[in-house]
Protein chains: 2
Amino acid sequence: MRSSDFSKRGGRPKVGLTREEVVAAAAEIADRKGMAALTLAALAARLKIKPPSLFNHVAGMAALRRELGMLALRELGDSLSNAAIGKSRDDAVRALADAYRSFARRHPGIYAETLAAGPEDRERNALSERILDVCFKILAGYGLDRRESLHALRAMRSIVHGFSSLEAARAFGIPVSIDESFAWLIDVFVAGLKSARKDAARPQTPREKRAKK
Amino acid sequence: MRSSDFSKRGGRPKVGLTREEVVAAAAEIADRKGMAALTLAALAARLKIKPPSLFNHVAGMAALRRELGMLALRELGDSLSNAAIGKSRDDAVRALADAYRSFARRHPGIYAETLAAGPEDRERNALSERILDVCFKILAGYGLDRRESLHALRAMRSIVHGFSSLEAARAFGIPVSIDESFAWLIDVFVAGLKSARKDAARPQTPREKRAKK
DNA sequence: GACATATAACTAAGTCTATTAGTTTCTCGG
DNA sequence: CCGAGAAACTAATAGACTTAGTTATATGTC
């Protein structure tokens with residue numbers, strides 16, 4: 001039933017486009033020219049097809065964006081998993097952060113589709129959670145308790161996503177190296193991970209009182 | 001020539017809508033229903049006007065989005081300036097961070113238009129720089145050198161933007177308080193600001209070597 | 001090798017959005 | 001009262017997404 005059943009057929013030109021090819025072409029447009037330029041008309045033109053024919057492969061623009069988001073989550077997950085192999089603690093955190101930012105730079109279009117998901121989409125959330133699991137495992141090396149780990153996870157995500165977003169938006173000026181700024185930020189984060197463990201020993205830290213308000 | 005020349009006229013109902021009113025209505029739609037729901041048709045309907053009449057006030061959708069971005073930058077700038085009054089160092093950083101996040105929560109639609117600007121738009125970049133100046137002044141309290149200050153500025157922006165974006169995207173689960181996570185992250189940042197000053201004394205830190213690669 | 005089936009292409013058409021052009025209507029200043 | 005100008009309107013175009021219905025192609029069976 002899946003389009004991929006046809007992958008054995010060699011003859012390609014006229015009929016026989018797989019959903020994977022359609023999504024890949026869409027991803028390329030999104031990454032090269034931006035999400036705004038990804039239109040069904042443009043995608044069809046690139047595939048030498050008329051727009052309605054796309055509906056044989058994806059159920060419309062919304063579904064296509066969802067596919068792009070899942071593609072991005074899969075590839076990002078792979079990159080992060082690979083980056084974390086054989087590393088632990090600071091080295092692993094830095095490798096993860098670099099891999100994340102690197103992905104966002106290579107794939108600005110589909111990266112943007114990584115977020116925006118409803119709580120109902122189980123297939124997609126599974127891909128997100130795979131990524132979170134990788135981060136969680138790395139953070140486990142710091143011996144934080146459950147609550148602190150979750151704070152650290154959210155913090156790490158905020159940091160790498162925020163930096164990547166701003167970089168993609170060209171929101172940083174030129175005067176100083178952006179790589180250096182990223183390294184600075186990650187250094188601050190890993191330093192924070194270490195002091196967090198000390199804080200965790202004391203049951204009530206100042207920050208917890210503050211957050212209560 | 002500006003529409004605001006008409007603000008003296010009391011009679012409002014049929015004719016005489018100002019650009020400010022149009023932009024404000026657009027902002028309300030964007031914040032309540034999301035940027036995707038902001039269409040010229042929807043905006044016109046809300047103002048009890050036909051879509052083409054909008055062109056008497058704004059030069060189209062692109063111009064409207066630019067106006068929304070500038071509105072957001074003005075209001076965000078005001079919020080941040082107010083939040084920083086009478087505070088310094090850690091207190092000021094926390095107040096700034098809270099104000100930023102609070103704005104992003106109150107105005108998710110127009111906040112998203114805060115980024116995306118080309119380097120050519122001088123009027124808009126002036127608004128952005130006003131915000132950066134506020135942050136810069138606060139960071140000055142930590143006695144960092146110019147380069148470290150810039151790293152810190154970029155870091156702070158990444159942190160508050162990243163967290164706010166993820167929160168808006170409902171990317172955080174439920175198990176632990178989001179306020180608490182934000183406070184945790186900001187604590188890590190302010191701790192980093194202090195250790196950065198120590199590092200700055202040494203001319204060549206490990207992180208700088210790393211960033212060179 | 002011919003045929004039945006399923007797949008994926010197509011054309012045609014409808015809706016919605018943004019936008020332009022041209023016209024009418026309203027308000028205010030003289 | 002009247003003329004100028006702003007701001008509403010109607011009409012119309014182009015492009016995007018989508019649905020329905022039709023044609024062509026390839027696969028697999030007899």
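Protein chains get the first letters and strands the later ones, always in sequence-line order, with residue 1 at the start of each.
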Handout entry: Gap between atoms CD1 and P, on A/Ile29 and D/dA16 respectively (whole Å)
Key = 12 Å

Mind listing the side-chain donor-acceptor pairs of residues 22-34 of chain A below 3.5 Å, one per line with the distance, residues two or more places apart or on another chain?
unit_1: A/Glu28; atom_1: OE2; unit_2: A/Arg32; atom_2: NH1; d: 3.4
unit_1: A/Glu28; atom_1: OE2; unit_2: A/Arg46; atom_2: NH2; d: 3.3
unit_1: A/Asp31; atom_1: OD1; unit_2: A/Gly109; atom_2: N; d: 2.8
unit_1: A/Asp31; atom_1: OD1; unit_2: A/Ile110; atom_2: N; d: 3.0
unit_1: A/Asp31; atom_1: OD2; unit_2: A/His107; atom_2: ND1; d: 2.8

Practice task
May I ask you to check whether B/Phe189 and A/Phe189 place their ring centres under 6.0 Å from each other?
Solution key: no

Practice task
Check whether any side-chain N or O of A/His57 sits under 4.0 Å from OP1 or OP2 of C/dA9, and answer yes or no.
Solution key: yes

Practice task
Mind checking side-chain contact (heavy atoms from CB on, under 4.5 Å) for B/Ile131 and listing every partner two or more places apart, or none if nothing turns up?
Solution key: B/Leu73, B/Leu76, B/Leu80

What are the atom names and distances for every N/O pair under 3.5 Å that joins the protein to nucleotides 19-23 of chain C?
unit_1: C/dT19; atom_1: OP2; unit_2: B/Met61; atom_2: N; d: 2.6

Exercise for the section: May I ask you to say what B/Ser53 touches in the nucleic acid, namely base, sugar-phosphate or nothing, with a heavy-atom cut-off under 4.0 Å? Expected result: base

Problem - Pairs where residues 112-125 of chain B contributes a residue and the test side-chain hydrogen bond (donor to acceptor under 3.5 Å, both in side chains) is met, not counting sequence neighbours - result: B/Arg65-B/Glu113, B/Arg66-B/Asp121, B/Arg66-B/Glu123

Practice task
Return each pair, listed once, that meets ring pair (Phe, Tyr, Trp, His ring centres under 6.0 Å) where at least one residue sits in residues 79-100 of chain B; pairs must be two or more places apart or across chains.
Solution key: B/Tyr100-B/Tyr111

Handout entry: Spacing of A/Arg65 atom CZ relative to D/dT18 atom P, expressed in whole Å
Key = 11 Å

Handout entry: hbond_proxy A/Asn56 side chain to C/dA9 base (donor-acceptor, 3.5 Å cutoff)
Key = yes

Problem - A/Thr39 side chain near D/dG15 phosphate (N/O to OP1/OP2, under 4.0 Å) - result: no

Exercise for the section: Using atom CG of B/Leu54 as one end and atom P of D/dA6 as the other, report the distance to the nearest whole Å. Expected result: 18 Å

Exercise for the section: Among residues two or more places apart or on two chains, list those pairs meeting salt bridge (Lys or Arg N to Asp or Glu O under 4.0 Å) that have a residue in residues 125-135 of chain A. Expected result: A/Asp78-A/Arg130

